[in-house]
Amino acid sequence: MRVLVLNSGSSTLKASVLAGEHERAEASVTVPMKGEADAADALDRVLRELAPDRGGSRQIDAVGHRVVHGGAEFTRTTVIDDAVLARIRALAWLAPLHNPVAARVIEAARAALPGIMQAAAFDSAFHSTLTPEAYLYALPYEWYAEWGYRRYGFHGLSVAWSVERAATLLGRSDVGIVVAHLGAGCSVSAVWQGRSVGTSMGMTPLEGVVMATRAGSVDPGVLLAAQRQHALGARALEDILEHRSGLLALSGRTAEMRELLVLASTDERAALAIGVFERSAAAAIAAAATALPRLDAVVFTGGIGEHAATVRAGIVRRLGSIGVPPVGEDAADGDRVLVAGRFAVLVVAAREDAIIGREVRALAT
């Protein structure tokens with residue numbers, strides 16, 4: 001069975017084909033995508049690259065879509081029909097940068113590949129094991145009971161893969177793990193024996209660690225003051241929090257960690273942005289550890305977590321007070337254990353596609 005996995009972001013469409021029982025991608029491609037309006041064209045470019053003879057040797061047997069937000073109703077990978085697609089669209093208010101684009105890609109894929117089973121894998125689903133004390137906000141209870149305002153958590157597909165790989169690398173599964181998914185979007189999750197027990201992202205992907213262009217957690221009073229004193233409305237605040245904050249705002253130059261690392265030796269604000277990021281990530285890791293009966297390992301994944309060795313070392317250096325040993329600036333590639341012992345530190349390459357492909361295959365057989 002050849003499964004096409006589609007991972008739609010706000011500016012790119014990543015695609016890979018997984019064949020048979022192998023979790024290694026047979027082929028992959030990333031194409032630029034200008035949001036919802038460009039989804040059909042982006043999918044067409046993907047199919048021309050990965051499945052030019054759709055009825056021949058490179059035919060697609062099933063399609064798996066990564067969808068960021070499944071709300072409280074989608075807690076597992078789900079076969080897509082008209083009703084499911086409508087619900088994904090309806091949840092767009094919780095992930096306005098992601099769900100509308102994913103819905104448009106799904107719509108285009110169903111039109112381009114009729115009769116082929118397609119399923120949605122939800123980033124929020126892994127965190128459906130959170131308990132009320134982990135997902136409730138200290139706000140009027142009716143906001144949760146009547147409106148559904150609560151923590152959901154994200155990056156669940158990446159976290160699931162990281163936990164699985166960490167268990168293999170460590171040779172044990174009865175572990176308390178904190179997974180730091182650090183990339184353009186960042187989250188930190190606490191996982192006890194394979195189950196999510198805490199995560200830094202909240203009702204939306206805005207909460208938690210400082211990100212590329214997202215602010216992460218901020219004092220709500222700052223936003224109230226901006227509304228009162230500077231007449232900033234909801235749409236202006238949303239644009240600032242989503243697109244004009246984070247590393248971009250701190251540095252004043254770029255949201256890319258690779259560029260900041262080059263600039264840091266001569267640019268004070270670039271160095272400051274990196275320092276704020278490291279402090280934010282370390283604080284989230286330390287907080288996540290409190291959700292675990294025992295901390296055994298910290299796993300870094302995502303673009304920054306995997307490749308920015310100096311940043312990774314800087315984050316770990318700030319965790320000495322909770323017993324995590326320092327790591328060197330290891331710039332090697334691949335999944336590996338950086339430090340073994342009472343507290344292990346690992347790097348795992350993000351592979352959401354492997355989890356999606358496996359779950360889609362299980363639904364199709």
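Atoms considered below: every heavy atom in the structure, side chains included; atoms not considered: hydrogens, waters and symmetry mates.
- Look at Arg312 and Asp330 and you find no salt bridge, because none of the NZ, NE, NH1 or NH2 atoms lies under 4.0 Å from a carboxylate O.
- Across every non-hydrogen atom of Arg336 and Ala331, the tightest pair is NH2-C, 4.4 Å.
- The number of heavy-atom neighbours closer than 6.0 Å to CZ of Arg258, taken from other residues, nucleotides and ligands shown, is 12 or below.
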Requested in this report: Applying side chain to side chain donor-acceptor pair (under 3.5 Å), run through His155 and Ser187 and close with a yes or a no.
Outcome: CA-CA 7 Å; His155 291 142; Ser187 69; 2.7 Å; yes

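- With sequence neighbours excluded, no residue forms a salt bridge (charged side-chain N to carboxylate O under 4.0 Å, His left out) with Arg76.
- Taking a 6.0 Å sphere around CD of Glu142, one finds it holds more than 12 heavy atoms contributed by other residues, nucleotides or ligands.
- We find that Arg165 and Asp335 are joined by a salt bridge, their nearest charged nitrogen and carboxylate oxygen being less than 4.0 Å apart.
- When each of Ile177, Thr199, Leu130 is tested with Ser189 by the rule side-chain contact (heavy atoms from CB on, under 4.5 Å), just one qualifies, namely Thr199.
- Hydrophobic clustering, with ILVMFWY side chains joined whenever heavy atoms are under 4.5 angstrom apart, groups Val348 together with Ile355.
- The six-membered or imidazole ring of His69 lies near that of Tyr152, with a centre-to-centre distance under 6.0 Å.
- The backbone N or O of Val3 lies less than 3.5 Å from no partner atom in the side chain of Asp61, so there is not a single donor-acceptor pair.
- Of all heavy-atom pairs between Leu250 and Ala273, the closest is CB-CB, 3.7 Å.
- Between Arg45 and Asp38 a salt bridge is recorded (basic side-chain N to carboxylate O distance below 4.0 Å).
- When all heavy atoms of Ala25 and Arg351 are compared, the pair lying nearest together is N-NH2, 4.1 Å.
- Taking both residues in full, the closest heavy atoms of Ala313 and Glu329 are given as CB-CG, 4.0 Å, listed atom of the first, atom of the second, then distance.
- Enclosure of atom CZ in Arg294 by more than 12 non-hydrogen atoms of other residues, nucleotides or ligands within 6.0 angstrom is indicated.
- Here the closest heavy-atom approach between residue Thr301 and residue Val179 is recorded as CG2-CG1, 4.1 Å.
- None of Tyr135, Tyr149, Tyr137 except one satisfies the ring pair (Phe, Tyr, Trp, His ring centres under 6.0 Å) rule with Tyr144; the exception is Tyr135.
- By the 4.0 Å N-to-carboxylate-O rule, Asp44 lies close enough to Arg48 to be salt-bridged with it.
- Distance alone, capped at 3.5 Å, places no donor-acceptor pair between the Ser16 side chain and the Ser28 backbone.
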Report task. Mind running side chain to side chain contact (heavy atoms under 4.5 Å, CB included) on Ile356 and Arg66 for me, showing each step along the way? Result -> CA-CA 7 Å; Ile356 296 170; Arg66 173 179 171 256; 3.7 Å; yes

Report task. Give the intermediate values and the outcome of side chain to side chain donor-acceptor pair (under 3.5 Å) for residues His243 and Thr213. Result -> CA-CA 5 Å; His243 304 291; Thr213 64; 5.0 Å; no

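- In terms of hydrophobic clustering, with Ile, Leu, Val, Met, Phe, Trp and Tyr side chains grouped at heavy-atom distances under 4.5 Å, Val105 and Val46 are assigned to a common cluster.
- Taking 4.0 Å as the cut-off between side-chain N and carboxylate O, Arg151 and Glu207 count as a salt-bridged pair.
- Taking every heavy atom of both residues into account, Ala264 and Ile274 meet most closely at CB-CD1, 3.8 Å.
- Residue Val159 is not grouped with residue Val188 when hydrophobic side chains (ILVMFWY) are merged at heavy-atom distances under 4.5 angstrom, including chains of intermediate members.
- Of the charged side-chain nitrogens involved, at least one lies within less than 4.0 Å of a carboxylate oxygen, so that Arg172 and Asp174 count as a salt-bridged pair.
- The list of side chain to side chain donor-acceptor pair (under 3.5 Å) pairs with a residue in residues 105-120, not counting sequence neighbours, reads His65-Gln118, Asp82-Arg110, Arg89-Glu107, Arg104-Glu107.
- One hydrophobic cluster, built from ILVMFWY side chains closer than 4.5 Å, cannot hold both Leu6 and Ile80; they sit in different ones.
- Within 6.0 Å of the CZ atom in Arg358, the count of heavy atoms belonging to other residues, nucleotides or ligands exceeds 12.
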